[in-house]
Amino acid sequence: MKVAIYSARAYDREFLDRENTRHGHELVYIDAHLDCVTAPLAAGFPAVCLFVNDHADAKALDILAKGGTRYIVLRCAGFNQVDLEAARSLGMTVARVPAYSPYAVAEHAVALIQTLNRKTHRAWNRVREGNFSLGGLLGFDLHGKTVGVIGTGRIGSVFANIMQGFGCRVLAFDPVVSIPLQSSGVTYVPLETLLQDSDIISLHCPLTPDTHHLINGHAIRQMKAGVMLINTSRGAVIDSSALIQGLKSGHIGHVGLDVYEEEDALFFEDLSNQVIQDDVFARLTTFPNVLITGHQAFFTSNAMQHIAETTLENIRCLGQGLPCAHIVQAPNPIG
Ligand code: NAD
């Protein structure tokens, strides 16, 4: 099948091309994000392949449908970037990669915690300059700390288990209780209790109307003074302005972010020669106790291989009219 692959980077080509030797699809790579301006580039392609920051809104989907596109194949788990109602009304089928490596994302959350706590990024710079002083590098033992996990699905469960391995007490909030996780020693509590009792809070829920700005000024004020907040889920789960207020007041001790609510104007691009226009993001980068990575938590070779395998298999099934287990049905999450 002819597939237009938007937001394509060198690493996408590497994994998709290698896997495609087993499939023989005609893959055409497009650097640009999908939006209503770039949608005409896919005219004549029955399938388009999208990533997290493409904009498959009603207007873009309408242009794609008029050009003959019938399948929207996401090479990611989240589908908040697609207007599912519009896709349905245009007769388009949307498929995704529901899980590729929960370990990749959970382990990155732990990397953020460890770096913020033990300040290895600052120590690395110091040692290179012959500065062996320890002032400002003081951390704390993770052992015995209370860690709150919001969202205990695939990634949250792996994260909770890792933190139990450090000797942490793990609290969880999720409308759906995981019995295996509960049996392993994790305690499910109301959100308010989790916010009040946790030394570290890590977000692993999807972006939905219920979770949009779940972490706002009210939630931050309930947290322990000095709390460490980690977000590897979706940027808009946190109200960034409230986060900055919490940091300026000193109430929040550390923040680790792999996602940001306005990241689609920034992430996955080399902007090192440009002036960042987003003042909220720019302010966040000025805090010594904030560590930001550019949506790389998923980025391991294991995850990229799974993404390529599942994406091309989804295209094969859709093209041959075979059952596809990864069709997105529910119009839950929001963009
Ligand atoms: P999942 O569907 O397995 O788990 C999500 C969990 O969140 C479920 O248990 C669900 O019940 C729970 N949940 C839903 N609404 C909630 C609420 N209001 N409060 C608390 N919990 C709630 O998903 P997953 O595979 O574990 O992924 C979690 C999220 O991680 C994804 O939605 C995505 O946004 C994000 N993600 C980020 C990256 C990255 O590279 N940074 C990569 C993959 C996924």
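The first residue in the sequence is number 1, and the count goes up from there.
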Using the rule given for side-chain contact (heavy atoms from CB on, under 4.5 Å), can you reason through Val328 versus Val82, listing the C-alpha separation, both sets of side-chain angles and the distance that settles it, and then say yes or no?
CA-CA 10 Å; Val328 183; Val82 182; over 6 Å; no
Would [X] and [Y] count as having a side-chain donor-acceptor pair, cut-off 3.5 Å?
X      : Y      : result
Asn314 : Thr311 : no
Asp210 : Thr208 : no
Tyr103 : Asn302 : no
Asp197 : Thr146 : no
His295 : Asn53  : no
Ser7   : His33  : yes

Could you grab the distance from atom [atom1] of [X] to atom [atom2] of [Y], nearest 0.5 Å is fine?
X      : Y      : atom1 : atom2 : result
Phe267 : Gln296 : CZ    : CD    : 10.0 Å
Leu116 : Leu112 : CG    : CG    : 6.5 Å
Met228 : Ser202 : CE    : OG    : 10.5 Å
Ile307 : Arg75  : CD1   : CZ    : 8.5 Å
Ile5   : Ile30  : CD1   : CD1   : 9.0 Å
Arg122 : Leu291 : CZ    : CG    : 11.5 Å

So, do [X] and [Y] sit near enough that their side-chain heavy atoms are less than 4.5 Å apart?
X      : Y      : value
Pro102 : Phe159 : no
Arg316 : Arg22  : no
Arg70  : Thr93  : no
Ile292 : Tyr260 : no
His326 : Glu313 : no
Leu229 : Asn231 : no
Ser178 : Tyr188 : yes
Phe140 : Leu142 : yes

I'd like to know if the side chain of [X] and the backbone of [Y] have a donor-acceptor N/O pair within less than 3.5 Å.
X      : Y      : result
Asp62  : Ala58  : no
Thr69  : Ala65  : no
Lys248 : Gly246 : no
Asp239 : His213 : no
His108 : Phe299 : no
Asp54  : Ala56  : no

Using the salt bridge (charged side-chain N to carboxylate O under 4.0 Å, His left out) rule, collect all pairs that involve residues 284-296, keeping only residues at least two apart or in two chains.
none
Apply side-chain contact (heavy atoms from CB on, under 4.5 Å) to Leu74 and Gln81, showing your working.
CA-CA 10 Å; Leu74 305 174; Gln81 70 278 48; 4.2 Å; yes
With a 4.5 Å cut-off on side-chain heavy-atom distances among I, L, V, M, F, W and Y, is there a chain of contacts connecting [X] to [Y]?
X      : Y      : value
Met223 : Leu257 : yes
Phe79  : Met92  : yes
Val186 : Val149 : yes
Leu191 : Val227 : yes
Tyr100 : Tyr11  : yes

For Glu269, salt bridge (charged side-chain N to carboxylate O under 4.0 Å, His left out) partners two or more places apart
Arg9
Minimal non-hydrogen separation, [X] against [Y], with atom names:
X      : Y      : value
His306 : Val97  : O-CG1, 4.5 Å
Thr152 : Asp174 : N-OD2, 2.7 Å
Ala86  : Asp83  : N-OD1, 3.0 Å
Val127 : Phe132 : CG1-CE2, 3.8 Å
Leu207 : His212 : CD1-CA, 3.9 Å
Ala104 : Ala303 : CB-CB, 4.4 Å

Greater than 12 external heavy atoms within 6.0 Å of [X]'s [atom1]:
X      : atom1 : value
Ile179 : CD1   : yes
Lys2   : NZ    : yes
Arg126 : CZ    : yes
His143 : NE2   : no

Would Leu243 and Ile215 satisfy side-chain contact (heavy atoms from CB on, under 4.5 Å), going step by step from the backbone distance to the final call?
CA-CA 8 Å; Leu243 188 65; Ile215 304 301; 5.7 Å; no
Any ion pair linking Arg13 and Asp31 (charged N to carboxylate O, less than 4.0 Å)?
yes
Asp141 vs Lys145, salt bridge (charged side-chain N to carboxylate O under 4.0 Å, His left out): CA-CA, chis, key distance, verdict:
CA-CA 8 Å; Asp141 288 6; Lys145 290 289 180 291; over 6 Å; no
Taking Phe51 as the fixed residue, which of Tyr29, Phe298, Tyr6 is the one that meets the ring pair (Phe, Tyr, Trp, His ring centres under 6.0 Å) rule?
Phe298
Given Thr211, which partner from the list Leu203, Val237, Ile150 fulfils the side-chain contact (heavy atoms from CB on, under 4.5 Å) test?
Val237
Between Ile315 and Val3, does a side-chain contact (heavy atoms from CB on, under 4.5 Å) hold up when you go through it step by step?
CA-CA 9 Å; Ile315 292 168; Val3 189; 3.9 Å; yes
